[in-house]
A.B. asks: 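Next up is a structure, given as structure tokens.
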Amino acid sequence: MTTEFTPDVSFIIPAYNAATTLERAIDSALAQGAVSMEVIVVDDCSKDGTRALVENHTDPRVRLVALAVNGGPGVARNCGIEAARGRWIAVLDSDDTIRPDRLARMIAKAEKAGANIVVDNLDVVTSEGQHKDTMFHADRLARMPELTLADFIASNVLFRNEHNFGYMKPVFERSFLLDNGVRFDPTLRIGEDYIFLASALAKGALCVVDPTPGYVYYINEGSISRVLELKHVEAMMAADARFLAGHQLDAAASAAQRRRTRNLNRAHSFLTLVQNIKDKSLRATLMTAIRSPQAVWLLKWPIMVRLERLITLFRRGHHVAAAEAAKLPALGGGPHSTNKG
């Protein structure tokens with residue numbers, strides 16, 4: 001009787017119409033040193049050459065899971081988890097890459113600490129491959145040996161002109177996910193990564209932090225896909241309600257969640273007010289403003305973000321194009337799994 005090989009890590013790459021970037025992502029996974037691996041590409045009914053690219057891949061460590069119906073990012077990730085055989089699971093977006101030493105370093109850190117999850121820093125690069133920034137200050141992460149549920153919830157709020165911890169790309173111990181029934185919410189198409197990690201932490205997972213940037217996060221600066229919409233906030237509010245119904249939070253996490261809930265309510269009022277103004281409905285605008293005066297104050301926020309961008313660019317001695325000045329902010333809303341801007 002043969003024993004099935006158990007790799008150190010299973011990479012899960014959900015893919016939808018990703019033929020232009022997928023090979024780059026796969027190559028970066030296969031280039032990992034000092035770990036054994038499998039790369040599972042979950043094709044979510046792509047209409048381009050995504051499926052053929054995987055089917056024709058010559059490396060036997062690359063496997064295709066082809067979905068019969070488009071299910072969205074949560075469904076694709078869950079299918080990848082079910083197919084995985086590795087001791088650790090790492091989700092890699094089809095338009096991103098990872099550094100060659102990332103998984104060996106992260107797994108070693110997690111196993112030394114007896115942790116179930118490990119997160120690291122991210123390098124932000126443009127679609128042309130130019131380094132733009134490192135997402136989190138290394139000294140900030142160095143002061144956080146562990147990521148608690150309270151810290152994670154507190155970071156994931158809107159109207160902050162900085163990245164939140166929801167952008168992190170955790171590596172999970174597969175046995176913890178299976179033993180505790182942690183899965184992605186299949187109904188979500190925004191914020192599913194946040195709920196997934198929050199659920200694991202709420203079930204008692206220990207998450208350690210590696211301040212080294214090992215994940216390369218590509219952005220398309222010309223995209224507006226990260227501009228938050230009312231339907232996005234409503235989806236996040238509904239997901240939070242389901243999360244709270246299914247988990248017991250300690251005092252610190254509960255306090256952070258109350259702040260997040262207030263924040264989402266303010267965001268909902270603000271975006272409702274913006275829509276009222278766009279609809280030229282004076283009555284609806286006044287009613288929203290009366291119900292939530294803070295929504296009126298938040299109208300200044302996009303203007304302040306634009307001014308900060310202009311000041312930063314002038315300080316760097318760059319010429320400011322009109323298009324740059326006119327960009328709408330993302331409202332600090334956290335990452336969209338299938339859309340980046």
A.B. asks: I'd like to know if the side chain of Arg51 and the backbone of Ala66 have a donor-acceptor N/O pair within less than 3.5 Å.
C.D. replies: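 Pair absent, no side-chain N/O of Arg51 close to backbone of Ala66.
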A.B. asks: Less than 4.5 Å apart, side chain to side chain, heavy atoms only: is that true for Ser28 and Leu92?
C.D. replies: yes
A.B. asks: Which residue, Leu149, Asp179, Val182, forms the side-chain contact (heavy atoms from CB on, under 4.5 Å) with Lys203?
C.D. replies: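 Only one of Leu149, Asp179, Val182 forms a side-chain contact (heavy atoms from CB on, under 4.5 Å) with Lys203, namely Val182.
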A.B. asks: Can Val208 be reached from Met144 by stepping across I, L, V, M, F, W or Y side chains whose heavy atoms are under 4.5 Å apart?
C.D. replies: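 Yes; tracing contacts between hydrophobic side chains, which count when under 4.5 Å, links both residues.
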A.B. asks: Hey, are Glu82 and Arg183 close enough for a salt bridge, meaning a charged N less than 4.0 Å from a carboxylate O?
C.D. replies: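 The answer is yes: the pair qualifies as a salt bridge.
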A.B. asks: Looking only at heavy atoms, which two atoms of Gly166 and Asn164 are closest? And how far apart?
C.D. replies: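 Between these two residues, the closest heavy atoms are N-OD1, 2.8 Å.
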A.B. asks: Ion pair present between Arg77 and Asp193, side-chain N to carboxylate O less than 4.0 angstrom?
C.D. replies: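 Answer for the salt bridge query: yes.
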A.B. asks: Assess the residue pair Ile13 and Asp93 against the criterion (side chain to side chain contact (heavy atoms under 4.5 Å, CB included)); give the C-alpha distance rounded to whole Å, side-chain angles, the decisive distance to 0.1 Å, and a yes or no.
C.D. replies: CA-CA 6 Å; Ile13 306 181; Asp93 287 348; over 6 Å; no
A.B. asks: Can you sort out the partners of His247 under ring pair (Phe, Tyr, Trp, His ring centres under 6.0 Å), two or more places apart, ordered by chain and number?
C.D. replies: Phe243
A.B. asks: Between Lys109 and Asp120 (salt bridge meaning N to carboxylate O under 4.0 Å), is one present in this structure?
C.D. replies: no
A.B. asks: Leu206 and Gly114: which non-hydrogen atoms are nearest, and at how many Å?
C.D. replies: CD2-O, 4.0 Å
A.B. asks: Measuring centre to centre across the rings, with the benzene-like ring taken for any Trp, is Phe165 within less than 6.0 Å of Phe152?
C.D. replies: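 No, the ring centres sit 6.0 Å or more apart.
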A.B. asks: Any heavy-atom pair between the side chains of Pro170 and Leu197 that's under 4.5 Å?
C.D. replies: yes
A.B. asks: Could you tell me which non-hydrogen atom of Asp185 sits nearest to which non-hydrogen atom of Thr187, and how far apart they are?
C.D. replies: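 Of all heavy-atom pairs spanning Asp185 and Thr187, the closest is OD1-OG1, 2.6 Å.
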A.B. asks: So, the side chain of His268 versus the backbone of Phe270: is there a donor-acceptor pair under 3.5 Å, distance only?
C.D. replies: no
A.B. asks: I want to check something: taking the side chain as every heavy atom from C-beta on, are Asp44 and Val42 in contact at a cut-off of under 4.5 Å?
C.D. replies: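 Side chain of Asp44 against side chain of Val42, heavy atoms only: no contact under 4.5 Å found.
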A.B. asks: I'd like to know if the side chain of Ser155 and the backbone of Asp151 have a donor-acceptor N/O pair within less than 3.5 Å.
C.D. replies: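 Checked: no pair found.
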A.B. asks: Given the rule in the side chain to side chain contact (heavy atoms under 4.5 Å, CB included) test, do Lys169 and Leu122 qualify, once you have shown the distances and angles that lead to the verdict?
C.D. replies: CA-CA 8 Å; Lys169 301 295 184 179; Leu122 301 87; 4.2 Å; yes
A.B. asks: Cut-off 3.5 Å, side chains only: do Asp8 and Ser36 have a donor facing an acceptor?
C.D. replies: yes
A.B. asks: Same cluster or not: are Leu103 and Met37 linked, directly or through other Ile, Leu, Val, Met, Phe, Trp or Tyr residues, by side-chain heavy atoms under 4.5 angstrom apart?
C.D. replies: yes
A.B. asks: Could you check if a side-chain atom of Leu158 sits within less than 4.5 angstrom of a side-chain atom of Val233, using non-hydrogen atoms only?
C.D. replies: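 They are in side-chain contact.
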A.B. asks: Listed by chain and number, what are the ring pair (Phe, Tyr, Trp, His ring centres under 6.0 Å) partners of Phe176, not counting sequence neighbours?
C.D. replies: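 Expected list: none.
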A.B. asks: Between Tyr215 and Asp123, is the side chain to side chain donor-acceptor pair (under 3.5 Å) condition met? List the steps.
C.D. replies: CA-CA 6 Å; Tyr215 193 98; Asp123 278 328; over 6 Å; no
A.B. asks: Would you please classify the geometry between the Phe196 ring and the Phe172 ring as parallel, tilted or perpendicular, with 30° and 60° separating the classes?
C.D. replies: perpendicular
A.B. asks: Between Tyr16 and Lys47, which heavy-atom pair has the shortest distance, and what is it?
C.D. replies: OH-NZ, 3.5 Å
A.B. asks: Name the one of Asn121, Leu147, Val119 that satisfies side-chain contact (heavy atoms from CB on, under 4.5 Å) with Leu141?
C.D. replies: Asn121
A.B. asks: Does the Lys NZ or Arg CZ of Arg24 fall within the cation-pi geometry relative to Tyr218 - under 6.0 Å from the ring centre and within 45° of the axis?
C.D. replies: yes
A.B. asks: Has Thr126 got a side-chain atom pairing as donor or acceptor with Gln130's backbone, closer than 3.5 angstrom?
C.D. replies: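 Yes; judged by distance alone, with no hydrogens or angles, the pair exists.
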A.B. asks: If you measure from the Lys or Arg side-chain nitrogens to the Asp or Glu carboxylate oxygens, is any gap between Arg99 and Asp101 under 4.0 Å?
C.D. replies: no
A.B. asks: Please give me the minimum heavy-atom distance between Cys79 and Leu67, naming the atom from each residue.
C.D. replies: SG-CD2, 3.5 Å
A.B. asks: Short question: side chain of Ser281, backbone of Ile277 - any donor-acceptor pair under 3.5 Å?
C.D. replies: no
A.B. asks: Is it true that a side-chain atom of Asp250 and a backbone atom of Ala253 form a donor plus acceptor pair closer than 3.5 Å?
C.D. replies: yes
A.B. asks: For the residue pair Tyr167 and His163, categorise the inter-ring angle as parallel (less than 30°), tilted (30 to 60°) or perpendicular (more than 60°).
C.D. replies: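 Because their plane-to-plane angle is over 60°, the rings of Tyr167 and His163 count as perpendicular.
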A.B. asks: With a 4.5 Å limit on heavy-atom distance, are the side chains of Val124 and Ile219 in contact?
C.D. replies: yes
A.B. asks: If you compare all heavy atoms of Val91 against all heavy atoms of Pro14, which two are closest, and at what distance to 0.1 Å?
C.D. replies: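 What the structure gives for the nearest pair is CG1-CD, 4.3 Å.
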A.B. asks: Check the pair Gln257, Leu244 against side chain to side chain contact (heavy atoms under 4.5 Å, CB included), reporting the backbone distance first and the verdict last.
C.D. replies: CA-CA 9 Å; Gln257 181 62 51; Leu244 292 172; 3.6 Å; yes
A.B. asks: Per the salt bridge (Lys or Arg N to Asp or Glu O under 4.0 Å) rule, which among Arg87, Arg174, Arg85, Arg61 passes with Glu38?
C.D. replies: Arg85
A.B. asks: Verify the neighbour count for atom NE2 of His137: are there more than 12 heavy atoms of other residues, nucleotides or ligands below 6.0 Å?
C.D. replies: no
A.B. asks: Between Val65 and Leu30, is there shared hydrophobic-cluster membership here, with clusters defined by ILVMFWY side-chain heavy atoms closer than 4.5 Å?
C.D. replies: yes
A.B. asks: Please tell me if the side chains of Ile117 and Glu173 come closer than 4.5 Å, counting only heavy atoms from C-beta onward.
C.D. replies: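 No, their side chains stay 4.5 Å or more apart.
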A.B. asks: Does any N or O in the side chain of Asp48 come within less than 3.5 Å of the main-chain N or O of Thr50, such that one atom is a donor and the other an acceptor?
C.D. replies: yes
A.B. asks: Judged by atom type as modelled, is there a donor-acceptor pair below 3.5 Å linking the side chain of Ser46 to the main-chain atoms of Asn17?
C.D. replies: yes
A.B. asks: Taking the side chain as everything from C-beta on, heavy atoms only, tell me whether Thr212 gets closer than 4.5 Å to Arg102.
C.D. replies: no
A.B. asks: Find out whether Val39 and Asp59 are in side-chain contact, i.e. whether some heavy atom of one side chain is under 4.5 Å from a heavy atom of the other.
C.D. replies: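 Side chain of Val39 against side chain of Asp59, heavy atoms only: no contact under 4.5 Å found.
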A.B. asks: Using side chain to side chain contact (heavy atoms under 4.5 Å, CB included), reason through Ile26 and Val62 one step at a time and then give a plain yes or no.
C.D. replies: CA-CA 8 Å; Ile26 293 173; Val62 178; 3.9 Å; yes
